[in-house]
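Along the sequence shown, residues are numbered consecutively beginning with 1.
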Amino acid sequence: MTSKKTFQPQELRYLQLLAKQYPTVQAASTEIINLQAILNLPKGTEHFISDIHGEYEAFLHILNSCSGVVKEKLDELYGTSLSRHDRNELATLIYYPEEKLALVAETEEDLDEWYRITLHRLIELCRWIASKYTRSKVRKFLPKDYDMIIDELIHIRYEEPDKKDYYENIINTIIDIDQAAGVIEAISEIIKRLAVDHLHIVGDIFDRGPRADIIMDSLLDYHSVDIQWGNHDILWMGAASGSRTLVATVLSNSIHYNNLDVIETGYGISLRPLSIFANEVYRDCDIHCFSVKLTDPGTEQYTEKDKLLSARMYKAITIILFKLEGQKLIRHPEFNMADRLLLDKIDYTNKSITIGGITYPLKDCDFPTVDPADPYTLTPEENHVIDQLTASFRRSEKLQRHVRFLYSKGGLYKIYNGNLLFHGCIPMAADGTLLSFTIGGKERTGREFLDYAEKACRKAYYDRVGSPERQFGLDFMWWLWAGRNSPIFGRDRMTTFERRFIRDESSWTEPKNAYYTLYHDPAICDMILKEFDLNGPHCHIINGHVPVKAKKGESPIKGGGKLIVIDGGFCKAYQSTSGIAGYTLIYNSRNIRIVSHQPFEGRRSAIYLNHDIANDSLIFERMESRVKIVETDQGRALQSQVDDLLRLLEAYRSGAVTEDHKE
């Protein structure tokens, strides 16, 4: 087939720009050879994690161990030459090199010999893992201080006699000049980076657990990551964007679960305005419905005075929240949630409320700031408090940095290498049709609605402060958090009011969207995949949000293998329901496997006792042949570059573009 030798003006302008990067036939040819070589390498390993919920110690351990990939590589390489104990020691060193090295320095009698043996083992492992990458890609991961040394060590052919002496001399010199610890730390980090090529976070980094900010800091430094926003992420993103309602929600949740470290220590947000207001206005109020959960270790230090203050703060911010939510519902009838306007349904005389035609007695209706004739208007004092708190969220430099990262690396869904990733659901009716939403003046369903929703979220952060577009975006983010059948909430209603004030638990039900019943049907999964232009035997939906009840025999694999739920209970609060401590997913060039994890004993136990997270791995899909980069999204992008470079060669050879041989 003869290539065309004519060039349209627009194409020629592009090729002239490309020629600035590859100014000669030789430069373009070299890059084509390099890209073609990359295309024939095995695809990199993808690691999927969901519903982390602030549990930073367990998350960092799973990140360091790559859900068992590091230990798997150690077993492959040293399974017949090192004991299980020695392999576990080496694994812990790779996970926590700085801490483990400090421990070894205190206990090892012949430290130089330990350094020598350990460096040999780590270099061999690094060479083993690096073998599926080009040398240029490996170089990108090398730390600046040791890049030349490590590059030499992992690419020397040790079996050659002359090279063996050269290799040993490098090792000895590293030890003699006291650089062994630094090199070990550097190689350990390279091993972890090469073990996983790309990380997917399928939602819910925030809330429940202690320090989501520490998780975000680790993601900022991660080499390749994308994030699908979960409902708890949207909550914090909206609060950081300036939504008073979502600020109140964040604070209500955080006080309820006694999870204020992330707010006060992590993000430097002072709760003093709320504590002063609560102590003044709610001092003599009934607060028995607002006891804060104090179940974690260390909470025994709280005095009765502390508990009273927490309960008053919790009640104060919750009443502010109910008012602000009511204002949104009145402002946006298109949200179709008028039934959630509840403050005006309270009968203060009889201490009851009527919801859906049923009258329930209230455990508490001592609301000093609620005017029964105008229940959704904030008092001047409430306005002042929530404005101060919202300003603090907006001024937190660290929170703003983290939220910008969520916007830059995230979205409501992701299509990657034939898989569809999203946190919640694709809202569906009971008959299997896609639910439609008329929000924003147009009826939308499925992918079109998710695209619209993501755009609205971006407007909430990036549009001009005070603009109608930004205000609507902020209101819409609240709808995503708590709205009827929202794609990241996936329920008919959020019964926060009922759980606080009504004893009858039948009023607490939050019916799930039909999606969570229908996704057992392979045909439904295929229909959803088709909605996102995906089709084929190795296409899947990868989902988080709803914990899998493993202890009741529930499987994370749905729809005949078309859908995988990877929320298994990272958060300690959910582990009694799920029975485990989370699922993660590994997709490498040979198979896809799901890994179930047991609860993490803690960082100290891992470092001192080499206690890893116990896990079980299930391969549920094997590839017919090893998947190469050419078959991936990255490969398609690289092939496009190759095609462009081939056209540039034609342009050079035809004289349409002139080479630039600089002297």
Side-chain angles (χ1 to χ4, degrees), residues 43 46 48-50 198-204 225-231 233-234 406-407 409-429 431-437 439-440 442-458 480 485-490 512-546 556-567 585 587 592 594 620-621 623 627 631-637 640:
K43 81 172 279 296
E46 297 172 55
F48 302 76
I49 306 177
S50 174
H198 188 80
L199 174 66
H200 305 280
I201 304 294
V202 193
D204 275 1
V225 62
D226 60 63
I227 301 165
Q228 291 70 62
W229 303 328
N231 50 324
D233 305 320
I234 285 287
L406 286 171
Y407 274 109
K409 295 292 185 180
L412 284 174
Y413 69 91
K414 181 80 172 178
I415 299 168
Y416 197 96
N417 288 342
N419 293 314
L420 172 62
L421 288 63
F422 56 83
H423 179 72
C425 69
I426 304 300
M428 307 183 77
D431 63 0
T433 58
L434 298 176
L435 275 184
S436 64
F437 299 90
I439 297 176
K442 179 184 174 183
E443 186 176 0
R444 300 176 177 88
T445 64
R447 184 177 188 175
E448 183 186 11
F449 181 67
L450 262 64
D451 288 337
Y452 168 79
E454 183 174 319
K455 187 178 294 185
C457 291
R458 295 187 186 280
L480 281 173
N485 292 311
S486 148
I488 58 169
F489 175 47
K512 294 178 188 175
N513 182 261
Y515 167 87
Y516 294 105
T517 301
L518 295 170
Y519 68 7
H520 295 282
D521 183 350
I524 291 292
C525 295
D526 282 334
M527 182 268 285
I528 293 172
L529 288 166
K530 187 176 180 182
E531 172 73 7
F532 290 83
D533 299 322
L534 291 173
N535 183 38
H538 299 301
C539 293
H540 310 86
I541 298 166
I542 299 171
N543 214 166
H545 190 49
V546 177
I557 302 170
K558 318 287 185 183
K562 291 283 185 178
L563 186 148
I564 307 102
V565 179
I566 58 170
D567 177 7
L585 194 71
Y587 177 22
I592 305 176
I594 191 159
F620 67 88
E621 191 167 300
M623 305 299 120
V627 180
E631 302 168 70
T632 67
D633 293 345
Q634 178 197 7
R636 283 181 276 277
S640 179

According to side chain to side chain contact (heavy atoms under 4.5 Å, CB included), who are the partners of [X], at least two apart in sequence or on a separate chain?
X	value
L434	I426, M428, T445, M527, E531
R636	D633
K442	R444, E448

Between H200 and Y416, how do the two ring planes meet: parallel, tilted or perpendicular, split at 30° and 60°?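 Taking Y416 first and then H200, their aromatic rings stand perpendicular (interplane angle over 60°).
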Which pair of non-hydrogen atoms, one from [X] and one from [Y], has the smallest distance, and what is that distance?
X	Y	result
G560	P522	N-CG, 4.1 Å
N419	C539	OD1-C, 4.0 Å
L518	G432	CD1-CA, 3.7 Å
C525	G559	SG-CA, 4.0 Å

[X] [atom1] to [Y] [atom2] distance, which is reported to the nearest 0.5 Å:
X	Y	atom1	atom2	result
L450	L412	CG	CG	5.5 Å
N485	L435	CG	CG	5.5 Å
I594	I564	CD1	CD1	7.0 Å
H423	Q228	NE2	CD	10.5 Å
I524	L529	CD1	CG	11.5 Å
I49	I201	CD1	CD1	4.5 Å

Report the residues that fulfil side-chain hydrogen bond (donor to acceptor under 3.5 Å, both in side chains) with [X], sequence neighbours left out, ordered by chain and then residue number.
X	value
D233	none
D533	R447
E621	H538, H540
K414	none

Of all residues at least two apart in sequence or in a different chain, which pass the ring-ring contact (aromatic ring centres under 6.0 Å, His included) check with Y452?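 Residues passing ring-ring contact (aromatic ring centres under 6.0 Å, His included) with Y452: F476.
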Taking ring-ring contact (aromatic ring centres under 6.0 Å, His included) as the test, write out the residues that go with Y587, two or more places apart.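 Checked Y587 against ring-ring contact (aromatic ring centres under 6.0 Å, His included); zero matches.
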Is any side-chain heavy atom of [X] less than 4.5 Å from a side-chain heavy atom of [Y]?
X	Y	answer
N231	D204	yes
I541	F422	yes
H198	D226	yes

Between V546 and V565, is a side-chain contact (heavy atoms from CB on, under 4.5 Å) present by the stated rule, with each step listed? CA-CA 8 Å; V546 177; V565 179; 5.6 Å; no
Ignoring hydrogens and geometry, is there a side-chain-to-backbone donor-acceptor pair from [X] to [Y] under 3.5 Å?
X	Y	result
W229	L406	yes
N543	L421	no
E454	G411	no

Using salt bridge (Lys or Arg N to Asp or Glu O under 4.0 Å) as the criterion, list what pairs up with D451, not counting sequence neighbours.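 D451 satisfies salt bridge (Lys or Arg N to Asp or Glu O under 4.0 Å) with no residue once adjacent residues are dropped.
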Counterpart residues, salt bridge (Lys or Arg N to Asp or Glu O under 4.0 Å), relative to E631 (two or more places apart):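 With neighbours one apart ignored, the set is empty.
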From CA spacing to verdict: side-chain contact (heavy atoms from CB on, under 4.5 Å), L585, V202: CA-CA 11 Å; L585 194 71; V202 193; over 6 Å; no
Check Y515, F489, F437 against P427 for a side chain to side chain contact (heavy atoms under 4.5 Å, CB included) and give me the one that passes.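 Of Y515, F489, F437, side chain to side chain contact (heavy atoms under 4.5 Å, CB included) with P427 is met by F437 alone.
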What pairs of residues pass the side-chain hydrogen bond (donor to acceptor under 3.5 Å, both in side chains) test when at least one of them lies in residues 516-525, not counting sequence neighbours?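 For residues 516-525: none.
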Run the side-chain contact (heavy atoms from CB on, under 4.5 Å) test on K530 and N535 for me, step by step, so that the C-alpha distance in whole Å, both residues' side-chain angles and the decisive distance to 0.1 Å come before the verdict. CA-CA 6 Å; K530 187 176 180 182; N535 183 38; over 6 Å; no
